[in-house]
Amino acid sequence: MATATATEGTETNDDGARPWQSYHTVYTTAKAGMDGVDKEKVQRTVYEMSKGSKYFQNEERKDAFITQKIDKIRTQCDKLTQADLSHFQKVADRRILELEALRDLSRIWLHVDMDAFYAAVETLSNPTLKGKPMAVGSMSMISTANYEARKFGVRAAMPGFIARKLCPELIFVPTDFKKYTHYSDLTRTVFRRYDPNFMAASLDEAYLDITEVCKRRNIKSEEIAEELRTSVYEETGLTCSAGVAPNRLLAKVCSDINKPNGQYVLPNDRMAVMTFISSLPIRKIGGIGKVTEHILKAVFGINTCEQMLEKASYLCALFSQSTADFFFSVGLGLGKTDSPEVRFRKSISNERTFSATEDEVLLYKKLAELAEMLSTDMQKEGLCGRTLTLKLKTSSFEVRTRAMTLRKYISSREDILKHASELLKAELPLSVRLIETDVSIGSCQRSRDPVDGNHSSDVNCQSGTGWSSEEIQTSGNNASCSNYGQVKEAVESTFPIQGQFEDTSTLNLSNLLEDERLNSCEDKTMLWLNDYKCSLCGIELPPSFVEDRLEHSDFHLAEKLQKEESRIHQRTSVSGQSWDQKNRITRESISKKQKLSQKEGSYRPIDYFFLLKSNKNRPS
DNA sequence: GCGGATCAC
DNA sequence: TATGGTGATCCGC
């Protein structure tokens with residue numbers, strides 16, 4: 001609400017001017033280790049340090065925009081008649097019942113969150129930092145602050161120069177991701193023992209499905225959490241906090257409750273969940289950020305999760321179905337409970353901030369550097385994409401994005417630079433402080449999950465732990481190309497090249513994928529002999545049968561995967577105890593992969609492809 | 001498909 | 001002096 005205009009309006013008020021109160025930062029929202037902080041003082045300092053800056057002005061502009069949005073929603077709200085409301089109440093009630101019916105209390109999820117991770121790691125490698133206020137980051141931006149620094153109001157995402165004002169003795173330590181990755185790996189070794197399929201959310205957070213381990217060892221989740229945290233400490237020297245709950249959304253909320261170095265268990269009981277959720281501020285829920293909280297509070301007076309249900313008719317009337325579903329789920333304390341589904345990345349990008357400049361030569365030079373790096377990253381992962389997006393942040397902090405979807409998939413430095421330069425050229429002259437290049441990998445329609453929707457903070461799944469259901473089968477001749485690296489990685493992780501799974505067939509599989517990549521991405525002919533005949537089965541498909549050839553490759557891939565699975569399964573079924581775990585995803589992926597050979601639910605036999613030659617315009 | 005925006009870490 | 005980088009998703013066109 002309090003926008004720039006409101007700020008100026010109150011500055012000269014009789015009842016004392018406190019303009020800083022209306023500057024909406026995220027720095028004072030309740031965070032672990034922030035109890036007892038003089039929030040007013042922090043808020044005032046942040047305001048004083050920011051006031052008048054380009055950044056601040058942009059924040060004001062954004063704030064004004066949100067106010068407009070709120071006004072618009074209010075207007076719509078006022079227009080609702082009693083009849084409308086009773087209608088939407090019915091719709092909402094039914095939807096809430098449907099969602100309630102999906103409640104799953106059969107799984108036990110644990111969310112682990114390392115305490116002040118980067119800062120804790122830095123303190124391990126330099127113990128003289130212990131007990132002193134310290135932040136990882138720079139004068140421009142802080143990544144993490146230790147608990148001593150948090151007492152001063154210093155926290156992540158705060159610029160360092162403001163942090164130093166709040167805490168003059170603050171020690172700054174530059175980020176060192178190699179170090180954090182190393183320690184992250186150590187923690188993951190522990191996580192794996194409790195759930196080999198755990199979902200890494202970031203370097204310092206993970207979700208574990210501990211249902212099985214509780215059952216197998218016949219102990220309570222609470223004990224598992226204690227034990228896991230002890231192990232993490234013993235093996236890394238780092239403390240963490242844990243939350244246990246029937247779903248991931250709640251587990252995440254729970255891990256924050258007794259932070260640092262604590263845990264909280266929410267039992268798998270509907271009443272317990274409803275009680276827990278009833279007074280919980282919506283801002284605690286992953287996916288509800290500063291803006292959403294602001295809007296829901298300003299328009300509907302919603303503060304707690306429970307109120308999401310009380311205002312259900314309004315939410316139903318004024319938001320999209322998927323958004324309303326998400327809000328209702330929050331009110332019901334529902335969240336995802338399914339086993340981790342590994343997803344392929346959808347985009348790859350890089351961006352750099354520099355001191356703002358209008359110098360076009362310089363800007364093109366920056367762009368060239370980004371294109372170079374992006375291309376390298378893409379090739380490292382074997383990715384191609386056909387939608388290129390250029391993002392610019394102007395010296396006034398306004399953000400512009402310009403995108404183009406190309407006919408061909410690209411990954412080379414030259415291609416990226418050529419097209420990105422066209423996009424940049426159209427924007428010049430312009431004073432720019434940040435450039436980002438982004439290539440999106442594929443486009444496919446996702447079905448929405450009614451429970452978490454796409455709203456909740458979802459997990460960046462670990463790469464290479466299985467198959468995704470999507471993307472591989474996306475349209476076009478290059479879909480498989482664009483995912484080649486991820487496919488390969490997934491296969492190699494599912495069928496590791498070393499160790500007990502070593503087998504020449506694995507290499508063949510890699511070759512097949514390689515074939516597919518070359519064939520579809522570069523339009524070369526590894527799989528297609530003389531650019532005409534399939535090297536594996538001899539079927540003849542001319543190059544112009546682009547889609548058919550892709551499907552054909554996919555057919556062989558699926559077939560191959562199936563063979564691999566049965567062979568490896570045979571060999572490991574005797575001794576491989578962890579196989580079931582590994583296989584869980586593999587089986588899914590293969591069945592999904594098989595869908596590549598299906599269209600509209602009907603399976604197509606290999607013979608089908610022989611008919612294609614003479615019937616290009618087949619019924620689809 | 002595009003562009004603006006939100007969100008998380 | 002000075003407010004990040006990467007990835008995902010949603011809404012309204």
Side-chain angles (χ1 to χ4, degrees), chain A residues 25-27 46 49-50 53-59 61-62 65-66 69 72 113-114 117-118 136-144 155-165 172 175 177 180 184 200-206 252 283 285-295 319-323 325-326 343-356 370 373-374 377 386-393 395-406 423 427 433-441 443 445-446 448-449 452-461 463:
Chain A
T25 64
V26 294
Y27 307 132
V46 172
M49 298 293 289
S50 301
S53 68
K54 294 267 178 63
Y55 173 83
F56 182 87
Q57 289 169 18
N58 188 248
E59 289 300 297
R61 188 183 63 81
K62 279 162 47 183
F65 196 75
I66 294 170
K69 194 169 165 180
K72 204 175 135 192
D113 193 339
M114 302 301 295
F117 185 54
Y118 299 172
V136 175
S138 67
M139 273 316 171
S140 297
M141 187 54 58
I142 286 175
S143 295
T144 313
R155 50 164 290 174
M158 181 181 273
F161 68 92
I162 295 180
R164 195 179 53 182
K165 186 83 174 184
F172 285 86
T175 51
F177 278 95
Y180 314 143
S184 180
S202 61
L203 284 182
D204 73 324
E205 283 185 36
K252 166 96 173 124
R283 186 66 160 84
I285 302 291
I288 298 186
K290 188 183 78 165
V291 175
T292 309
E293 177 193 36
H294 185 13
I295 292 174
F319 293 96
S320 71
Q321 157 110 33
S322 77
T323 302
D325 272 359
F326 171 64
R343 291 176 179 166
F344 291 137
R345 68 151 81 230
K346 290 168 181 50
S347 67
I348 184 164
S349 67
N350 59 0
E351 73 186 56
R352 284 297 174 272
T353 296
F354 40 86
S355 56
L370 287 168
M373 290 192 299
L374 187 60
D377 290 349
R386 54 188 279 264
T387 299
L388 180 71
T389 303
L390 178 76
K391 183 172 101 176
L392 303 173
K393 194 186 279 181
S395 56
S396 55
F397 286 83
E398 284 172 79
V399 175
R400 291 184 196 181
T401 61
R402 297 290 179 263
M404 55 162 65
T405 298
L406 307 162
L423 293 174
E427 303 303 314
R433 77 190 311 280
L434 171 146
I435 302 179
E436 170 186 320
T437 56
D438 176 297
V439 176
S440 70
I441 307 300
S443 60
Q445 294 298 313
R446 310 180 58 77
R448 283 184 175 145
D449 184 322
D452 263 5
N454 291 317
H455 297 273
S456 76
S457 58
D458 210 345
V459 167
N460 303 318
C461 296
S463 58

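Lettering follows sequence order; numbering is per chain, from 1. When reading the values below, keep in mind they use all heavy atoms of this one structure, side chains included, and skip hydrogens, waters and symmetry mates.
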Which nucleotide in the list C/dG7, B/dC2, C/dT3 gets nearest to the side chain of A/A403?
B/dC2
Between C/dT3, B/dC9, B/dG4, which nucleotide has the shortest distance from any of its atoms to the side chain of A/R402?
B/dG4
Per A/V291 side chain, nearest of listed nucleotides B/dC7, B/dC2, B/dG4
B/dC7
Evaluate the criterion side-chain contact (heavy atoms from CB on, under 4.5 Å) for residue pair A/Y118 and A/L203; output intermediate values, then yes/no.
CA-CA 9 Å; A/Y118 299 172; A/L203 284 182; 4.1 Å; yes
Just call it for A/I285: base, sugar-phosphate, or nothing, with non-hydrogen atoms closer than 4.0 Å on any strand.
sugar-phosphate
Phosphate contact (C/dG7 OP1 or OP2) by A/S349 side-chain N/O below 4.0 Å:
yes
Pick base, sugar-phosphate or nothing for A/M158, based on heavy-atom distances below 4.0 Å to the nucleic acid.
nothing
Could you give the CD-to-C1' distance, from A/E205 to B/dC7, as a whole number of Å?
13 Å
Check this one for me: any side-chain N or O of A/K69 less than 4.0 Å away from OP1 or OP2 of B/dA5?
no
Can you identify which nucleotide, out of C/dG4, B/dT6, B/dA8, has its nearest atom closest to the A/R283 side chain?
B/dA8
Side-chain N or O of A/S143 less than 4.0 angstrom from OP1 or OP2 on C/dG4?
no
Which residue, A/E351 or A/S140, contacts DNA chain C at a nucleotide closer to its 5' end, judged by nearest heavy atom?
A/S140
Rounded to the nearest angstrom, tell me the gap between atom CZ in A/R345 and atom C1' in C/dT9.
16 Å
If you check every side-chain atom of A/L434, which of C/dG5, B/dC7, C/dG4 has the closest atom?
C/dG5
A/K54 NZ - C/dG4 P separation (whole Å):
14 Å
hbond_proxy A/S50 side chain to C/dT3 base (donor-acceptor, 3.5 Å cutoff)
yes
In the structure I gave you, are the side-chain heavy atoms of A/Y180 and A/V136 within less than 4.5 Å of one another anywhere?
yes
Send over the distance from A/I142 CD1 to C/dA2 C1', rounded to a whole Å.
12 Å
A/T401 vs A/E293, nearer the 5' end of DNA chain B by closest nucleotide:
A/T401
Taking the side chain as every heavy atom from C-beta outward, state whether A/V26 and A/R283 have any pair of such atoms under 4.5 Å apart.
yes
With a 4.5 Å heavy-atom cut-off, do A/L370 and A/R352 have their side chains touching?
yes
In chain order, what residues pass the ring pair (Phe, Tyr, Trp, His ring centres under 6.0 Å) check against A/Y27, with sequence neighbours excluded?
none
Out of C/dG4, B/dC7, C/dA8, minimum distance to the side chain of A/K346 belongs to C/dA8
Taking the C1' atom in each of B/dC7 and C/dG4, what is the distance between them to the nearest angstrom?
15 Å
Compare side-chain N and O positions of A/S322 against OP1 and OP2 of C/dC11 and report whether any pair is under 4.0 Å apart.
yes
The side chain of A/T405 lies closest to which of these nucleotides: C/dT3, C/dG4, B/dC2?
B/dC2
To the nearest Å, how far apart are A/M49 CE and C/dT3 P?
11 Å
Of the listed C/dG5, C/dG4, C/dA8, the closest approach to the A/R352 side chain comes from C/dG5
Under-4.0 Å side-chain N/O to phosphate OP1/OP2 contact, A/T353 with C/dG5:
yes
Would you mind classifying the nucleic acid contact of A/N350 as base, sugar-phosphate or nothing, using non-hydrogen atoms under 4.0 angstrom?
sugar-phosphate
Do A/R433 and A/K54 have side chains that approach each other closer than 4.5 Å (heavy atoms only, starting at C-beta)?
no
Could you tell me whether A/T292 contacts a base, only the sugar-phosphate backbone, or nothing, with contacts defined as non-hydrogen atoms closer than 4.0 Å?
sugar-phosphate
For A/K391, what residues pass the side-chain contact (heavy atoms from CB on, under 4.5 Å) criterion, not counting sequence neighbours?
A/E351, A/V399, A/T401, A/L434, A/E436
So, do A/S50 and A/I162 sit near enough that their side-chain heavy atoms are less than 4.5 Å apart?
yes
Closest listed nucleotide, where the reference is the side chain of A/I348 and the choices are C/dC11, C/dT3, C/dG7:
C/dG7
Measure the distance from CE on A/M141 to P on C/dA2 and round it to the nearest whole Å.
14 Å
On the nucleotide C/dT1, are OP1 or OP2 found under 4.0 Å from the side-chain N or O atoms that A/K165 carries?
no
Look at all strands and tell whether A/Y27 reaches a base, only sugar-phosphate, or nothing, counting heavy atoms closer than 4.0 Å.
base
Between CZ of A/F397 and P of C/dG5 the distance, given in whole Å, is 11 Å
Picking from C/dG5, C/dG7, B/dG1, the nucleotide nearest the side-chain atoms of A/S347 would be C/dG7
Nearest-Å distance for atom pair CZ/P, residues A/F65 and B/dT6:
8 Å
Would you tell me if any nitrogen or oxygen in the side chain of A/R386 comes within less than 4.0 Å of OP1 or OP2 on B/dG1?
yes
